[in-house]
Amino acid sequence: MRPYRPQEIEPKWQAAWERDGLFRADDSPEDGRERFYKLHMFPYPSGDLHMGHAEAFAISDIIARYRWMQGYNVLHPIGWDAFGLPAENAAIQRGMHPKDWTYGNIPQQERSFRRYGMSFDWTRMLATSDPEYYRWTQWLFLQLYRAGLAYRKMAPVNWCPKDQTVLANEQVVQGRCERCGTIVVRKDLTQWFFKITDYADRLLEDMRELDWSDRVLSQQRNWIGRSEGAEVTFEIAETGDRIPVFTTRPDTLWGVTFFVFAPEHPSLERLAEAGGSADAVKELQDRLQRSDPAERQAASPRDGVALGVHAVNPVNGERVPCFVAPYVLMDYGTGAVMGVPGHDQRDFEFAREHGLEVRVVIQPPDVPEVEPTEMTEAYPHEGVMVRSGPFDGVRSPESIAQVIAWLEDAGKGRAAVSFRLRDWLISRQRYWGPPIPIIYCPACGDVAVPESELPVLLPEDVDFSPHGESPLARHPGFVDVACPSCGGPAKRETDTLDTFVDSSWYFLRFVSPRDPVRAWEPEDVERWLPVDLYSGGIEHAILHLLYSRFVVKALFDLGLVPFREPFTRLVNQGMVIMDGGAMSKSRGNLVGFAEELDRWGADVIRLTMMFAGPVEDDLDWATVSPAGVRKWLGRVWRAVHEVAALKETAGEVDGSTGGALRRVTHRTIKVVTADYDRNAFNVAISKLMTLTNEIQRVLEGGTVSVPEAREAAEALVLMLAPMAPHLAEELWREALGNAETLVHGPWPAWDEDLAREDVVVMVVQVDGKVRDRITVPADLGEDDARTRALDSGRVRALLDGREVVQVIVRPPRLVNVVTRGSN
RNA sequence: GCCGGGAUGGCGGAACUGGCAGACGCACCGGACUCAAAAUCCGGCGCCCGCAAGGGCGUGGGGGUUCAACUCCCCCUCCCGGCACCA
């Protein structure tokens, strides 16, 4: 028997599959197979694959291959998230042009994927930096622009001083740039936005139909941050300004003792003027201007300045003093809040700091009346409304709805919903991205580039080193253009689009990647989408996944796609770590994918990754054992060859195993199929190991039923195929002698009767403790079960001197004899 | 603080819908083969008592429901992830 040598068989089958085009998705409408769209988040072409890719893409490939074997017409495409800062920065570091860097890396990474046995439809490969792709990214922008979903405004935005560009809120993590970790600063700039906030409610609502993990769903829910409450308008007594506030606790309106504005509030200047506090307010604003958001919060938490004007509480006509304080944020709610120190901790602290009255209007249940001067903290919970005019005695939470109804009747306020989600900032002051297809004409204003003139090509001869303004602005040949509308001299927009715009629609382009006249074929989109199973890293829980959901909803509203959600089912693989922490050059624990691949081969790496644990858990490479997997595959190799050899010598067909192996085989097919369906590959592998053990045991037993052994070996090979495709194909074709590839199946079927066990071990308990085990037929009746359990010698001994109260019989697995002791 | 998830042998992890806890593997221990080692094969392996047969305990902690709880309910601890002066 030949030894198992992955290095020999893997390239052989990779070449054969490629030659026969086995992984090409079939677009033809006549193809009667059910379709399956398996997509993995496309990678950034960094030059090579690492161990994280090895796990993630193993998952994707296993699922795709499993569906092929089940007879599906599978779309499993690959492309490159090629535009964006990482590529641009990497290129600058190496003194290269981003284009050369990117397109130099792609073939190398492609080779690694092929060596790993990936079943991609390579004919559909695309890169977001291809003009044939970003033409349609620009087209998408224009669709949203026309629909009023892309707009430009001056706003305080996040600026990364290192990357020299603005960032979306989603790209700022704890005040730092998500990419480079630099602390971001606030700047007032005119920028392009997508109006994702219009979709906040639907993004929340439609999550119900998604088969995604709670983890991702809760992250999106938190990010959108919906809260219900009321908007109530206060009038400024001295000036007549009407200032709305948002509150989730309208039931505390009678407890308002002051009113606070955010330092950036637009009405502030005028009010300060009226109140004679202009200098003090200006000083506060200047001080804040010089500090970053983190300092601002830490410095003096209950900082604030009185404005000298008063707000009138609409519910009782009381005049309360107005303040400006940094704890009120301009970008949430209305930028002003009512101060209810009795029932909001921040307001409480502010009131104590500034000597303001604390009023209790919600009485906690089951405690004596609260004395405001003795309070050490606010009471933010539910209770009974007191000192609240018409509402005295009303309990929360019902009180909130009642107060809102009352406010609406009286014209003093209305029910309102507030979101944390902000619009998506999509313009970037960097080079390596799709130019935004807008032209500024002094006569006509903002003009969309006509679709017939797309793509707006990204010029290559650009000084793209980051200067804080768009590199394209320094390229006169790019900037100066004739207005498409009036023909007069005009200027192009010089910002480029955020990388996340590129990736928010690529799953659509994969269905018609070469279509020269439209972004996608409607019929193909209808046939393939939405994506049946999407896989990728949890780091995109909000960013890419939220953006893609928004884009699809917008396209749905425009009648451009017939579905509302892009990704029906989502699986997020865990990270690959080393010795309990991240792999990194600085920790000196970097495991090279290429080296591991050379050493073990693709099949062993794939299986090792999958056997380590559930796909969504982190995987510590230091604790796994490719050697263990390699050993098992060696046993599979030998066992299958030995079974195949039986056929040649033949003659020893008998029923010596009594069909036991058949039963094991069919039971294994049944459970392993279920394991594949729920992506429980670690469990599937353990069952296949057990099947291998059973086959070996039968072989060592001397007498073997050849058809039985062969059926077991074939099933084993087929079920192993998605995970270890090269080994499986080699055994299928060369050892078992099949003429056709197993890539397109068939996935083994099981016989339900055989999958059912015929004899089982029945547990006999006395008072819930296992006292005996009896082998019984699986179709054992209730009476038989009871009789045999009570006949058991061990049980009878234990029952001596005890009264049997009850016998629970659950044939054929368990009998529990319940007793009452008399001894 | 709020939201979501979790805690099972030395380790990774199994366990359907409440019915034998610890499948499968790693590590470890013992044995076979070998001059020796590697490879391979066989056996053992939750904890405690016991020569053994056997018994007791055991799924983060405490309570509860049930004939029966890793699984369901209540309370608590700790860990992971998200949000967080969000009004």
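- Using the six-membered ring where Trp is involved, A:Y327 and A:F350 have ring planes that are tilted, between 30° and 60° apart.
- The interatomic distance linking A:W632 (CH2) with B:G25 (C1') rounds to 11 Å, in whole Å.
- Side-chain atoms of A:R302 come within donor-acceptor range of the base of B:C85, with a qualifying N/O pair under 3.5 Å.
- A:T692 has its side chain within reach of A:W632: a pair of non-hydrogen atoms, C-beta onward, lies under 4.5 Å apart.
- Residue A:K631 is classed as a sugar-phosphate contact, given heavy-atom separations below 4.0 Å to backbone atoms only.
- Nucleotide B:A38 is matched to nothing when pairs are restricted to Watson-Crick or G-U wobble geometry with both distances under 3.5 angstrom.
- For A:N816 against B:C67, a side-chain-to-base donor-acceptor contact under 3.5 Å is present.
- Checking B:U40, B:C24, B:G4 against the side-chain heavy atoms of A:S218 singles out B:G4 as nearest.
- With distances taken from any side-chain atom of A:T248 to the nucleotides B:G19, B:A87, B:C3, the minimum falls on B:A87.
- For the pair A:S227 and B:A87, the criterion of a side-chain N or O lying under 4.0 Å from OP1 or OP2 is met.
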Where do A:R810 and A:E782 land on the salt bridge (charged side-chain N to carboxylate O under 4.0 Å, His left out) test, with the steps shown first? CA-CA 7 Å; A:R810 292 283 179 279; A:E782 211 170 294; over 6 Å; no
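- Rounded to the nearest Å, the gap between the P atom of B:U71 and that of B:G60 is 8 Å.
- Where A:D214 and A:R771 meet RNA chain B, the nucleotide closest to each residue was compared, and A:D214 sits on the side nearer the 5' end.
- A:H544 and A:H540 have perpendicular rings, their planes meeting at more than 60° on a 0 to 90° scale where under 30° would count as parallel.
- When the C1' atom of B:C85 is taken as reference, atom CG of A:D331 falls 12 Å away, rounded to whole Å.
- Pair check for B:C57 finds B:G46; Watson-Crick or G-U wobble, both atom distances under 3.5 Å.
- Residue-level contact check: A:V763 touches the bases, meaning some heavy atom is under 4.0 Å from a base atom.
- Rounded to an integer number of Å, the gap from A:Q219 CD to B:G4 C1' is 9 Å.
- Base pairing analysis places B:G1 opposite B:C83; the two distances defining the Watson-Crick or G-U wobble pair are each below 3.5 Å.
- Out of B:G19, B:C41, B:C85, the shortest distance to the side chain of A:R813 is found at B:G19.
- Nucleotides B:G13 and B:A27 have their C1' atoms positioned 14 Å apart, rounded to a whole Å.
- Nucleic acid contact for A:P614: sugar-phosphate only, since backbone atoms but no base atoms lie under 4.0 Å from a heavy atom of the residue.
- In the displayed structure, A:R208 atom CZ is contacted under 6.0 Å by at most 12 heavy atoms of other residues, nucleotides or ligands.
- For the C1' atoms, the distance from B:C3 to B:G12 is 30 Å, rounded to whole Å.
- Among the atoms of the strands shown, none is found under 4.0 Å from any heavy atom of A:R226.
- Taking the syn range as angles within 90° of 0, the glycosidic angle of B:G9 is syn.
- The side chain of A:N682 places an N or O atom within less than 4.0 Å of a non-bridging phosphate oxygen (OP1 or OP2) of B:A14.
- Of all nucleotides listed (B:A15, B:G25, B:G81), B:G25 comes nearest to the side chain of A:R635.
- To the nearest whole angstrom, the two P atoms, one in B:G81 and one in B:G10, are 25 Å apart.
- Residue A:K769 places at least one side-chain N or O under 4.0 Å from the OP1 or OP2 atom of B:C57.
- Residue A:D617 is classed as a sugar-phosphate contact, given heavy-atom separations below 4.0 Å to backbone atoms only.
- Remark: the separation of the C1' atoms in B:G4 and B:A87 is 23 Å, to the nearest Å.
- Among the protein residues, A:T334 comes within range of no part of the nucleic acid, since none of its heavy atoms lies under 4.0 Å from any strand.
- Electrostatic pairing of A:E170 and A:R422 does not count as a salt bridge here, judged by no charged N lying under 4.0 Å from a carboxylate O.
- The separation between A:Q220 atom CD and B:G81 atom P is 19 Å, rounded to whole Å.
- When rounded to the nearest whole Å, the span between CH2 of A:W223 and C1' of B:C83 equals 9 Å.
- Of the candidate nucleotides B:A87, B:G81, B:C24, B:A87 has the atom lying nearest to any side-chain atom of A:F246.
- Remark: A:R569 is not positioned above the aromatic ring of A:W212, lacking an NZ or CZ atom under 6.0 angstrom from the ring centre and at most 45 degrees off the axis.
- Nucleic acid contact for A:R215: sugar-phosphate only, since backbone atoms but no base atoms lie under 4.0 Å from a heavy atom of the residue.
- Atoms CD (A:E782) and P (B:G19) sit 18 Å apart, rounded to a whole Å.
- Comparing A:V683 and A:Q765 along RNA chain B, the residue whose closest nucleotide (by nearest heavy atom) sits nearer the 5' end is A:V683.
- Put simply, CZ on A:R221 is 17 Å from P on B:A84, counting in whole angstrom units.
- For the P atom pair drawn from B:A21 and B:A68, the interatomic distance equals 14 Å after rounding to whole Å.
- At a threshold of 4.0 Å, the pair A:E694-A:R697 counts as salt-bridged, since one of the basic side-chain nitrogens sits closer than that to a carboxylate oxygen.
- Counting any heavy atom pair closer than 4.0 Å across all strands shown, A:G628 reaches sugar-phosphate atoms only and no base atom.
- The side chain of A:R346 approaches B:C85 more closely than any other nucleotide in the set B:G81, B:C85, B:G25.
- Residue A:E539 contributes atom CD, which lies 13 Å from atom C1' of B:G81 at whole-angstrom precision.
- For B:A68, there is no paired base (Watson-Crick or G-U wobble, both distances below 3.5 Å).
- For the pair A:R420 and B:A84, the criterion of a side-chain N or O lying under 4.0 Å from OP1 or OP2 is met.
- Salt bridge A:E178/A:R176: absent, no basic N to carboxylate O contact under 4.0 Å.
- Here the separation of B:C79 from B:C28, taken at their P atoms, is 32 Å to the nearest Å.
- Nucleotide B:C78 forms a Watson-Crick or G-U wobble pair with B:G6, both donor-acceptor distances falling under 3.5 Å.
- In this structure B:C33 sits in no base pair that meets the Watson-Crick or G-U test at under 3.5 Å.
- Using a 4.0 Å heavy-atom cutoff across all strands shown, A:R422 reaches no nucleic acid atom at all.
- Distance check on atom P: B:A39 versus B:C26 gives 12 Å, rounded to whole Å.
- Salt-bridge check for A:R346 with A:D344: passed, with a basic side-chain N closer than 4.0 Å to an acidic carboxylate O.
- A:N693 has no side-chain polar atom (N or O) that falls below the 4.0 Å cut-off from OP1 or OP2 of B:A23.
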